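Take a look at the following structure, please.
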Amino acid sequence: GRVTLEANVIPPDPAVSVALDSLTADLTEVDEVTTSLTVTAAEGASLGSKLIAVRGLDTEGKSNVLCLNLPERRSGSGVQ
């Protein structure tokens, strides 16, 4: 079936944004679909104690959530 995807920063932070390259996955005819998640942090943004929650919701209302822990960056000016 079709799965709707969303990604959020927890707790919300305007200095950190996330984006999926596709907001839907159609698993009707295949059992594997890929998408890319991009995390962008403004210079000086703190990533410690932040999570990225990726949620998939199917047409029957069933959902699953994957939480990704963001480590504090050690170098560089951005996170991808």
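If you're wondering where the values come from, they're calculated on a predicted model, not measured in any experiment.
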Glu60: what forms a side-chain contact (heavy atoms from CB on, under 4.5 Å) with it, not counting sequence neighbours?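 In terms of side-chain contact (heavy atoms from CB on, under 4.5 Å), with neighbours along the sequence ignored, Glu60 is linked to Asp58, Lys62.
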
Grouping I, L, V, M, F, W and Y whenever their side-chain heavy atoms are under 4.5 Å apart, do Val33 and Leu20 come out in a common cluster?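 Yes, one cluster joins them.
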
Measure the shortest side-chain to side-chain distance between Thr40 and Val16 over non-hydrogen atoms and say whether it is less than 4.5 angstrom.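 Not in contact.
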
Tell me, with the steps shown, if Ile10 and Lys50 meet side-chain contact (heavy atoms from CB on, under 4.5 Å). CA-CA 6 Å; Ile10 302 191; Lys50 300 257 188 316; over 6 Å; no

How long is the gap from CG on Leu37 to CG on Leu66, to the nearest 0.5 Å?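 Answer for the CG-CG pair, Leu37 versus Leu66, is 9.5 Å.
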
Is there a path of hydrophobic side-chain contacts, each under 4.5 Å between heavy atoms, that joins Leu5 and Leu68?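 Same cluster: Leu5 reaches Leu68 through Ile, Leu, Val, Met, Phe, Trp or Tyr contacts under 4.5 Å.
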
Of all the heavy-atom pairs spanning Ala7 and Val18, show the shortest one and how long it is.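 Answer, listing the atom of Ala7 first, then Val18: O-CG2, 3.5 Å.
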
Measure from the side-chain N and O atoms of Thr35 to the backbone N and O of Ser22, and report whether any donor-acceptor pair falls under 3.5 Å.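 Yes, because the side chain of Thr35 sits within donor-acceptor range (under 3.5 Å) of the backbone of Ser22.
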
Would you mind listing every salt bridge (charged side-chain N to carboxylate O under 4.0 Å, His left out) that reaches into residues 19-42, with sequence neighbours excluded?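 Passing the test, one end in residues 19-42: Arg2-Asp26.
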
Report the distance from atom CG of Asn8 to atom SG of Cys67, rounding to the nearest 0.5 Å.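 Rounded to the nearest 0.5 Å, the CG-SG separation comes out at 10.5 Å.
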
Does Val3 form a side-chain contact (heavy atoms from CB on, under 4.5 Å) with Leu27? I'd like the steps, not just the answer. CA-CA 7 Å; Val3 177; Leu27 301 170; 4.0 Å; yes

Please evaluate residues Val39 and Ile52 with respect to the criterion side-chain contact (heavy atoms from CB on, under 4.5 Å), reporting the C-alpha separation (whole Å), side-chain torsions for both, the decisive distance (0.1 Å), and the verdict. CA-CA 9 Å; Val39 178; Ile52 304 300; 4.3 Å; yes

Please report the interatomic distance CG(Leu23) to OG1(Thr4), rounded to the nearest 0.5 Å.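 Taking CG in Leu23 and OG1 in Thr4, the distance rounds to 8.5 Å.
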
